Amino acid sequence: MSSWRKNHTIFMAAILSGSILNPLNSSMIALALHSIQQDYHLSFATVSWLVSAFYLVSAVGQPVTGKAGDLVGRRKLFLGGLVLSAIACFFAPLASTFLILLLMRLLQAVGNSTIYPSSVALVQRSVSQKKQGSALAALAICASVMTAFGPTVGGFLIVWGGWPSIFYVNYPFIFISLILGFFVFPKDVRNHAYHLKSFLWQLDIPGIVLFSISIVGLLWFLLTLKEHVAFWTLAIGLAAAALFIWREWKTHAPFVDLHLLKMNHRLTLVYLLFILLNVANYCLFYGMPAFFQSGMHLGVRASGAMMLSMSLASVVASLIIGRRIDRSGPAGPLKIGAVLTVLGSLLLMIVAFDRSLILIGLFLLLIGCGYGIGNVALQTMMLIESPEEIVGTSAGLFQTCRFIGSIGASAVLGVIFAQTITSMDFLALTWVLSAVSIPVLLISLIFFGKKRAAGDAK
């Protein structure tokens, strides 16, 4: 068993089998909503809370569980999250009411949210620096593959065993990750003088509450933007954000160390770049299928094939660039990813009216490669720039940026594609893509220079 603990492949198998749960469960539910709606006799607006609530809890939960992991141990949080996920997946299909099902879905989101922050922290602690880029690339690839194939997997499972099967399918991954992780993850350092009172004080409960209210208010505003403008949620979110900033700046044990973000501009920029990169990615991920089917009148299979090629390009680029980052650092790949994203976004403008399927496919491949490269590069930069004692919190905030970007993209599409999906609408979408990708390129060129890149590689 001692040889297991030193085996990099077994360690990564434990990490990856758990890490796929969040992206898999966030996307697989899409094709189950109709069946759940019929079984519980609900409106689509009501049943869609299974999606929105999962996003909201994940966006808030990942930095919170990351902070908890920094304090009590990453191994405990990882394995504990798997147990919570297993409980939720057992009781969700047995739910007698929709409210119980929604509560189990929320519990599932909490359990899943512990895994990514803990995974990044475990990689930093247990994987040699020469292999950390490849390890983070593997995490990015799992997220991309599961997000891309989640709806397809969900469709097959629903045909085979109904909507409960999308919960039961989690068990093989939970079991593998739990057993392997129990034996191969390094044990957390025990602190016998550490009490619940000191844990709660360092966890900064008031800061977490204000952070949660601000994130939920902002995301709720974005989620409802295409239906009606709920300014009250935005006002609550901004007020909570202001109080959060004031408190975190004054307290001695902050949930988010704003002084660190002020001093470490690069870490702050990493979060900003990841939000912008995900706005561009999810605008295409959610928007292109609608344009293909409504604007170009393609079938579902052709639309799916076009989007699958983009996702596969992202996966292949992530795999290749992870090995390069191990050798030379993430700054150069970040610039390459930004150039490809800008180039693809600008080139899409010329096919808005021409509608050449081949050219659109090629340009989507460019953007897919750009996102895959940028994703891994930014994950690596986040790990480099974060102090070891707060890497779990940093990783959680990093994932929150992904959710902010994806929900922001949904809001953008709700405005652009609100009534029609014409060539002019598609052209407007390309303007948005350019507007968010060009700053990514400029920031990467100005603030992530060659001198620091050389230091990253060391």
Side-chain angles (χ1 to χ4, degrees), residues 1-29 54 57-58 61-62 65-66 68-70 72-93 104-105 107-127 131-132 134-150 153-154 157 165-188 315 318 379 383 391-392 395-396 398-399:
M1 201 64 70
S2 60
S3 61
W4 275 31
R5 295 189 178 94
K6 300 178 181 179
N7 191 300
H8 177 73
T9 302
I10 295 177
F11 176 86
M12 288 307 301
I15 290 285
L16 297 177
S17 55
S19 298
I20 67 173
L21 295 176
N22 190 278
L24 181 65
N25 287 302
S26 65
S27 60
M28 191 168 50
I29 191 88
F54 190 93
V57 171
S58 297
Q62 301 221 29
T65 57
D70 290 338
V72 304
R74 285 71 182 258
R75 181 178 183 267
K76 292 185 184 73
L77 261 291
F78 190 105
L79 299 180
L82 292 174
V83 172
L84 286 181
S85 299
I87 293 172
C89 290
F90 178 81
F91 286 104
M104 290 302 103
R105 178 77 170 160
L107 182 63
Q108 183 186 43
V110 172
N112 288 183
S113 294
T114 68
I115 296 173
Y116 176 82
S118 302
S119 296
V120 173
L122 287 167
V123 165
Q124 185 195 50
R125 179 181 176 185
S126 303
V127 177
K131 293 183 178 180
Q132 285 183 5
S134 297
L136 293 175
L139 284 172
I141 289 169
C142 281
S144 299
V145 170
M146 289 300 106
T147 300
F149 287 98
V153 172
L157 289 171
S165 60
I166 69 168
F167 291 97
Y168 293 139
V169 75
N170 286 268
Y171 277 105
F173 304 109
I174 293 173
F175 179 78
I176 292 171
S177 186
L178 191 61
I179 296 299
L180 294 181
F182 182 81
F183 289 108
V184 303
F185 292 161
K187 291 186 177 181
D188 300 317
V315 168
S318 299
Q379 282 192 79
L383 191 59
V391 69
F398 189 77
Q399 285 298 89

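Here the structure is a predicted model, which means the values were calculated and not measured.
Evaluation of the side-chain hydrogen bond (donor to acceptor under 3.5 Å, both in side chains) rule for Ser119 yields Ser19 as partners, not counting sequence neighbours. Residues satisfying the side-chain contact (heavy atoms from CB on, under 4.5 Å) test with Cys142, not counting sequence neighbours, are Leu16, Ile20. In terms of the side-chain hydrogen bond (donor to acceptor under 3.5 Å, both in side chains) criterion, residue partners of Asp70 (sequence neighbours excluded) are, by chain and number, Arg74, Thr393.
Side-chain contact check for Phe173 versus Leu24: some heavy-atom pair is nearer than 4.5 Å. Using a 4.5 Å heavy-atom threshold, the side chains of Phe167 and Gln108 count as touching. Pro186 has its side chain within reach of Leu122: a pair of non-hydrogen atoms, C-beta onward, lies under 4.5 Å apart. By the 4.5 Å heavy-atom criterion applied to side chains, Leu82 and Ile115 are counted as neighbours. Using a 4.5 Å heavy-atom cutoff, the side chains of Phe54 and Asn25 are in contact. Using a 4.5 Å cut-off on side-chain heavy atoms (C-beta onward), Val184 and Asn7 make no contact.
Rounded to the nearest 0.5 angstrom, Gln132 CD and Arg125 CZ are separated by 13.5 Å. Atom CD1 of Ile166 is separated from atom CD1 of Ile29 by 3.5 Å, given to the nearest 0.5 angstrom. Rounded to the nearest 0.5 Å, atoms SG (Cys89) and CZ (Arg105) are 9.5 Å apart. The line from OG of Ser17 to CG of Asn170 is 11.5 Å long, rounded to the nearest 0.5 Å. Between atom CD1 of residue Ile174 and atom CG of residue Leu79 there is a gap of 12.0 Å, rounded to the nearest 0.5 Å. Note that CE of Met12 and CG of Leu180 are 12.5 Å apart. Values are rounded to the nearest 0.5 Å.
Below 30°, between 30° and 60°, or above 60°: for Phe11 and Phe185 the angle between ring planes is above 60°, a perpendicular geometry.
Of all non-hydrogen atoms in Ser177 and Ala14, the two that sit nearest each other are OG-O, 2.8 Å. The two residues Ala137 and Ser318 come nearest to each other via the heavy atoms CB-O, 3.4 Å. When all heavy atoms of Pro117 and Ser113 are compared, the pair lying nearest together is CD-O, 3.2 Å. Between Ser58 and Ala109 the shortest heavy-atom distance is OG-CB, 4.1 Å.
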Step by step, work out the side-chain contact (heavy atoms from CB on, under 4.5 Å) result for Asp188 and Val72.
CA-CA 8 Å; Asp188 300 317; Val72 304; over 6 Å; no
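A donor-acceptor contact shorter than 3.5 Å links the side chain of Arg75 to the backbone of Phe182. In this structure, the side chain of Thr65 engages the main chain of Gln62 through a donor-acceptor pair within 3.5 Å.
Checked against a 6.0 Å centroid threshold, the rings of Tyr168 and Phe90 do not count as neighbours.
Of the residues Thr114, Asn112, Val120, the one that meets the side-chain contact (heavy atoms from CB on, under 4.5 Å) test with Tyr116 is Val120.
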